[in-house]
Novice: 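Next up is a structure, given as structure tokens.
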There are 2 protein chains.
Amino acid sequence: MSNQTKPVYLKLRDQIAAAIIDGRYQEEEMLPSVRALAAEQGANPLTVAKAYQQFQADGLVEVQRGVGMYVARGAAEKLRKREKETFLSQEWPEITARIKRLGLKPDELLAAV
Amino acid sequence: MSNQTKPVYLKLRDQIAAAIIDGRYQEEEMLPSVRALAAEQGANPLTVAKAYQQFQADGLVEVQRGVGMYVARGAAEKLRKREKETFLSQEWPEITARIKRLGLKPDELLAAV
DNA sequence: AATAGTGCTTCAGTGCCATAATACAGCGCG
DNA sequence: CGCGCTGTATTATGGCACTGAAGCACTATT
């Protein structure tokens, strides 16, 4: 139903966000460089840069030109809070409507976990 | 988080599917014509045709050329079953993973309904 | 100064989406 | 038949997002 062909930079963005929330990218620590992550993921450096870009616009990642990027203090908590809110206010209502429409019951949902 | 810029023909497709499942488009009944729906939705007739096309390919909608399209018998049930399976196998696992990552609790989810 | 590592800017190419203008093909009805 | 309604095919065009390649700007290290 949904997108099986999601743009690469969005996949990377989600993946990076998850790594920050999970603490795999610690705060105040360096992030993988654009080129390094690009090589690791088999993507173009520019595409990776585009993924990083949204984080620095939100102040979650700070840039030292010529040096690299690091995770801002409190980024994990801020990110989790932000995603929590958008999830509850935007995605979850659609999901529940969908569940209701399809006539799915709680035990079917739990069985699929 | 998700796509706010979903292609028009996909939006129409989802919308039509929902109408069939909910019974707003009754089985054995005529669907709105390509041109009519296009005018109503402010879209191009070709775009609407593209949305319809996937349904006839799946046998959910049958075409009488020169007359119009109607919903096939059993289409609602077939459609619901198909969406049910893809939802459980593909979307739901991602959703539960997301819920877990964000640390959302059951009462928070229920409160948002 | 030289080098190598950063992120960033610019230009170009590709493909999908949406639209438009026609034209064609089948059906029903007066 | 003639008219008006259906869906369909063709071709062309504009726009937009994604991806990519080369080069520029900055910093740290030697």
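Every chain is numbered from 1 and lettered A, B, ... according to where its sequence line falls, protein lines coming before strand lines. What you see is a predicted model; the values in this text were computed from it and never measured.
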Novice: If I take atom CD in residue Q41(A) and atom P in nucleotide dG20(D), what distance separates them, rounded to the nearest angstrom?
Specialist: 13 Å
Novice: Please work out which residues in residues 42-63 of chain A have a non-hydrogen atom less than 4.0 Å from an atom of DNA chain D and list them by number.
Specialist: N44(A), L46(A), T47(A), K50(A)
Novice: Give every residue pair that meets the side-chain hydrogen bond (donor to acceptor under 3.5 Å, both in side chains) criterion with at least one member in residues 30-45 of chain B, sequence neighbours excluded.
Specialist: none
Novice: If I compare all heavy atoms of V34(B) with all of P45(B), which pair ends up nearest, and what's the gap?
Specialist: CG1-O, 3.1 Å
Novice: Does any part of the side chain of L109(B), heavy atoms only, come nearer than 4.5 Å to the side chain of L88(A), both counted from C-beta?
Specialist: yes
Novice: Applying the 4.5 Å side-chain criterion to the ILVMFWY set and letting contacts propagate, would V67(B) and F55(B) be lumped into a single cluster?
Specialist: no
Novice: Applying the 4.5 Å side-chain criterion to the ILVMFWY set and letting contacts propagate, would V61(B) and L46(B) be lumped into a single cluster?
Specialist: no
Novice: Below 4.0 angstrom, which residues in residues 25-34 of chain A have at least one non-hydrogen atom near DNA chain C?
Specialist: S33(A), V34(A)
Novice: Between R98(B) and E91(A), does any NZ, NE, NH1 or NH2 come within less than 4.0 Å of an OD or OE carboxylate oxygen?
Specialist: yes
Novice: Heavy atoms under 4.0 Å is the rule here; annotate nucleotides 23-30 of chain C 5' to 3' with B where the base is hit, S where only the sugar-phosphate is, and - elsewhere.
Specialist: --BBS---
Novice: So, using side-chain contact (heavy atoms from CB on, under 4.5 Å) as the criterion, who are the partners of K78(A) when residues are at least two apart?
Specialist: L60(A)
Novice: Measuring to OP1 and OP2 of dT19(D), would you say a side-chain N or O of Y9(A) lies under 4.0 angstrom away?
Specialist: no
Novice: Just the rounded figure in Å: distance from P of dA28(D) to OH of Y70(A).
Specialist: 12 Å
Novice: What is the distance from CE of M69(A) to P of dG5(C), rounded to the nearest Å?
Specialist: 18 Å
Novice: Pairs in or reaching into residues 58-69 of chain B: which pass side-chain hydrogen bond (donor to acceptor under 3.5 Å, both in side chains), with residues at least two apart or in two chains?
Specialist: D58(B)-R82(B), E62(B)-Y70(B)
Novice: Please identify which of these residues, E29(A), E28(A), E27(A), meets the salt bridge (Lys or Arg N to Asp or Glu O under 4.0 Å) condition with R73(A).
Specialist: E28(A)
Novice: Is any NZ, NE, NH1 or NH2 atom of the basic residue among R24(A) and D22(A) found under 4.0 Å from an Asp or Glu carboxylate oxygen of the other?
Specialist: yes
